[in-house]
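In this text the structure is predicted, and so the values were computed from the model without any measurement. Letters A, B, ... are given to chains in the order of the sequence lines, protein chains preceding strands, and every chain is numbered from 1.
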There are 2 protein chains.
Amino acid sequence: MSERASSENVPGSDQGSWQPIARSRSHELVVDQIEEQILAGTLRVGDRLPGERDLASHLQVSRAAVREAIRSLEAQGVVRSAVGSGKDSGTLVSAMPSEALTRLLRLHVALANFPMDDVVDARVMLERSSATLAAHNAAPANLDAMREALNGMDSPGVDQETFNDLDTAFHVAIAEASGNRLVADMTIALRDSMRRPILQALHALGPDWEGVADQLRADHRAIYAAIESGQGETAAELVDQHIRSARAALPIAGTAGAVHSPTPTHSRRPRS
Amino acid sequence: MSERASSENVPGSDQGSWQPIARSRSHELVVDQIEEQILAGTLRVGDRLPGERDLASHLQVSRAAVREAIRSLEAQGVVRSAVGSGKDSGTLVSAMPSEALTRLLRLHVALANFPMDDVVDARVMLERSSATLAAHNAAPANLDAMREALNGMDSPGVDQETFNDLDTAFHVAIAEASGNRLVADMTIALRDSMRRPILQALHALGPDWEGVADQLRADHRAIYAAIESGQGETAAELVDQHIRSARAALPIAGTAGAVHSPTPTHSRRPRS
DNA sequence: ACCTCTGTGTGGTCTGACCATAGAGAGGAC
DNA sequence: GTCCTCTCTATGGTCAGACCACACAGAGGT
């Protein structure tokens, strides 16, 4: 970590100030227009966009350009399309931030843009706070969800995949109990981004995985007890230890693989 | 917080278990195939995808479907396309998680899927940790970036927009000094998602904004001093107070405005 | 050795067509 | 009147084929 801002010492503007210059692709212009309306508040959740053909003719671009723009927004969980006629059809402004965030982080973790240890540290930061808040705010329904996950993990003969999904459900339940949707969604996304590496690690453990599972079960029970009894600080501490020890216990690959070649910030030579 | 899981008391399966069933659109199948290769590690940063025409014929879909898939991945900062020939042309696996994360959060904050207070709380969680780490890990370059931002903010006659951008730069510099790219990127994204509301608030303050700015300058200097002298805990505490008091001082709209579902009473007035 | 021009492969864009779906509304049966 | 059924229509989904703009590679000239 460092070697950043090596050749750009222009005062008064940090390294992030260099706008990526031009934006000419037509679908991006369409995206910009739609984004602008969202940012300005003109378009709100539930509103319908004009039909693709209408939009295309109004914006003076092809329908393909409009569709590509919609795909882009769709990938960000901002709109959703449905065929047919009637109120729920067409392309309308939606809100699926959790799914979008999850897809995004999963891919970037897989690409090792985000090393596994960074993910673990981020989880600790967020989940410590979530646990503290959960200890104060948890509604009965939240506690039920946690308990349900715990009980599921105790089922005899549970396989690695189910166990991990329930483990995730437990952590998600804590995040949702915090009352902060953003933090909950980020937690979900981070946890999910580790799913594949975790499963690989669990399988790599072979029969020993039951031992690890037992440790996790004990951790979870202790965390649950702290939250249920309103001991925020204790819960935070336990979550912290739990996440770190779990990471240590699992032979997770991920971060390996020599992440070389970090994009040399090519400066564009205009012409000669 | 509550009223969740109101009608879903089906035991043995939590509320998130109902998968959205089908996935038939062809561009999504293309995305799935590419994603699969990324998750499996077959495709890595810097690798080139086959040309759009090749991919289309191999996958037995139209070129339009391939392009829409690429747009989707591009929106997630996973690939990047360039025309021309030569090594850097074509569509290749890239890594721009920060930009993608920023766009995503900005839109969802604007849509009020994430209330402003949630964003503030999340920032506090992350930046507390970042400040602590920065106090221990900050490289000279990081400290330079912070100082540069601080000095810029002291420039006489600086306008609200520039001031805010430098303010952002300061916080970003702290996040990057933490050594955790993921946390840094999330911090950048969160800060940026508040840009527009903050600017509106600063303008709404009128001439009084200078007073607020002075307070922010003082906060920043104190934070910088703590980080430079390695006092992690102090830095964390100062950052916490700084963010919360700034939020209190700014009449930020955002979360207000009676967000909720505006009723589908959309009276469709057909023409004629 | 250097410059210039052309070839070729890449994404970018557009046109226009057809398909699949699902609600709306007309029309008939009771 | 009430209900069912059929057709109409608007919507996104998909495709084929064409052409453009760009940028490097390499041939060919100087």
Side-chain angles (χ1 to χ4, degrees), chain A residues 20-34 46-75 78-94 266-272, chain B residues 20-34 46-75 78-94 264-272:
Chain A
I21 0 178
R23 282 267 272 246
S24 51
R25 293 137 93 204
S26 67
H27 76 265
E28 289 187 335
L29 301 177
V30 178
V31 169
D32 286 345
Q33 292 229 10
I34 298 175
D47 289 350
R48 279 180 63 171
L49 267 59
E52 295 177 353
R53 296 167 180 84
D54 281 358
L55 213 43
S57 69
H58 280 83
L59 300 179
Q60 294 274 290
V61 296
S62 71
R63 194 179 158 208
V66 170
R67 283 182 62 78
E68 291 185 15
I70 290 174
R71 286 293 88 75
S72 183
L73 292 168
E74 197 176 60
V78 169
V79 303
R80 155 216 134 195
S81 296
V83 295
S85 63
K87 52 177 180 283
D88 259 24
S89 70
T91 300
L92 39 91
V93 180
S94 186
H266 231 67
S267 61
R268 297 179 58 78
R269 257 356 174 139
R271 67 184 35 210
S272 52
Chain B
I21 24 177
R23 280 268 273 247
S24 51
R25 292 136 93 204
S26 67
H27 75 265
E28 288 187 335
L29 301 177
V30 178
V31 169
D32 286 345
Q33 292 229 10
I34 298 174
D47 289 350
R48 276 180 65 169
L49 266 59
E52 296 177 353
R53 296 167 179 82
D54 281 357
L55 213 42
S57 69
H58 280 80
L59 300 179
Q60 293 275 290
V61 296
S62 70
R63 193 179 160 208
V66 171
R67 282 182 63 78
E68 290 185 16
I70 290 173
R71 287 293 89 73
S72 184
L73 292 168
E74 196 176 60
V78 169
V79 304
R80 144 210 146 204
S81 296
V83 295
S85 62
K87 54 177 186 288
D88 259 25
S89 70
T91 300
L92 38 90
V93 180
S94 185
T265 344
H266 211 72
S267 57
R268 284 182 59 71
R269 216 58 131 123
R271 66 246 15 233
S272 100

For the pair made of NZ in A/Lys87 and C1' in C/dA22, what is the distance, rounded to whole Å? 12 Å
What integer distance in Å separates B/Leu92:CG from C/dG11:C1'? 12 Å
Okay, side chain of A/Ser94, backbone of A/Val79: is any donor-acceptor separation there less than 3.5 Å? no
Whole-Å gap separating P (C/dT13) and CG (A/Leu59): 13 Å
Nearest-angstrom distance from the residue atom CG of A/Leu55 to P of C/dC14: 13 Å
Would you say A/Ser26 places a side-chain N or O within less than 4.0 Å of OP1 or OP2 belonging to C/dT13? yes
In whole Å, what is the span from the CZ atom of A/Arg25 to the P atom of C/dT13? 7 Å
Between A/Glu68 and A/Arg71, is there a side-chain N and carboxylate O pair less than 4.0 Å apart? no
Taking OP1 and OP2 of C/dT21, is either one under 4.0 Å from a side-chain nitrogen or oxygen of A/Ser89? no
Are OP1 or OP2 of D/dG13 and a side-chain N or O of A/Arg71 less than 4.0 angstrom apart? yes
What distance separates B/Asp32 CG from B/His27 NE2, expressed to the nearest 0.5 Å? 9.5 Å
Quick one: is B/Ser62 getting a side-chain N or O under 4.0 Å of the D/dC15 phosphate, OP1 or OP2? yes
For B/Val83 and B/Ser89: C-alpha separation, side-chain torsions, deciding distance, then whether side chain to side chain contact (heavy atoms under 4.5 Å, CB included) applies. CA-CA 5 Å; B/Val83 295; B/Ser89 70; over 6 Å; no
Quick test of your reading of the model: are A/Arg67 and A/Glu74 salt-bridged, counting only N-O distances below 4.0 Å? no
What is the distance from CD of B/Glu52 to P of C/dT13, rounded to the nearest Å? 11 Å
Base-contact (B) and sugar-phosphate-only (S) positions in nucleotides 17-22 of chain D, heavy-atom cut-off under 4.0 Å, - elsewhere: -BB--B
Using OP1 and OP2 only, check whether a side-chain N or O of B/Thr91 sits under 4.0 Å from C/dG11. yes
CD of A/Gln33 to CG of A/Leu59: how many Å apart, nearest 0.5 Å? 5.0 Å
Should B/Arg67 be listed as having a side-chain N or O under 4.0 Å from OP1 or OP2 of C/dG11? no
Applying the side chain to side chain contact (heavy atoms under 4.5 Å, CB included) test to A/Leu49, which of A/Leu92, A/Asp54, A/Val66, A/Val93 qualifies? A/Val93
Tell me: CD of B/Glu68 to P of C/dT13, nearest whole Å? 13 Å
Integer-rounded Å distance: D/dT14 P and B/His27 NE2: 7 Å
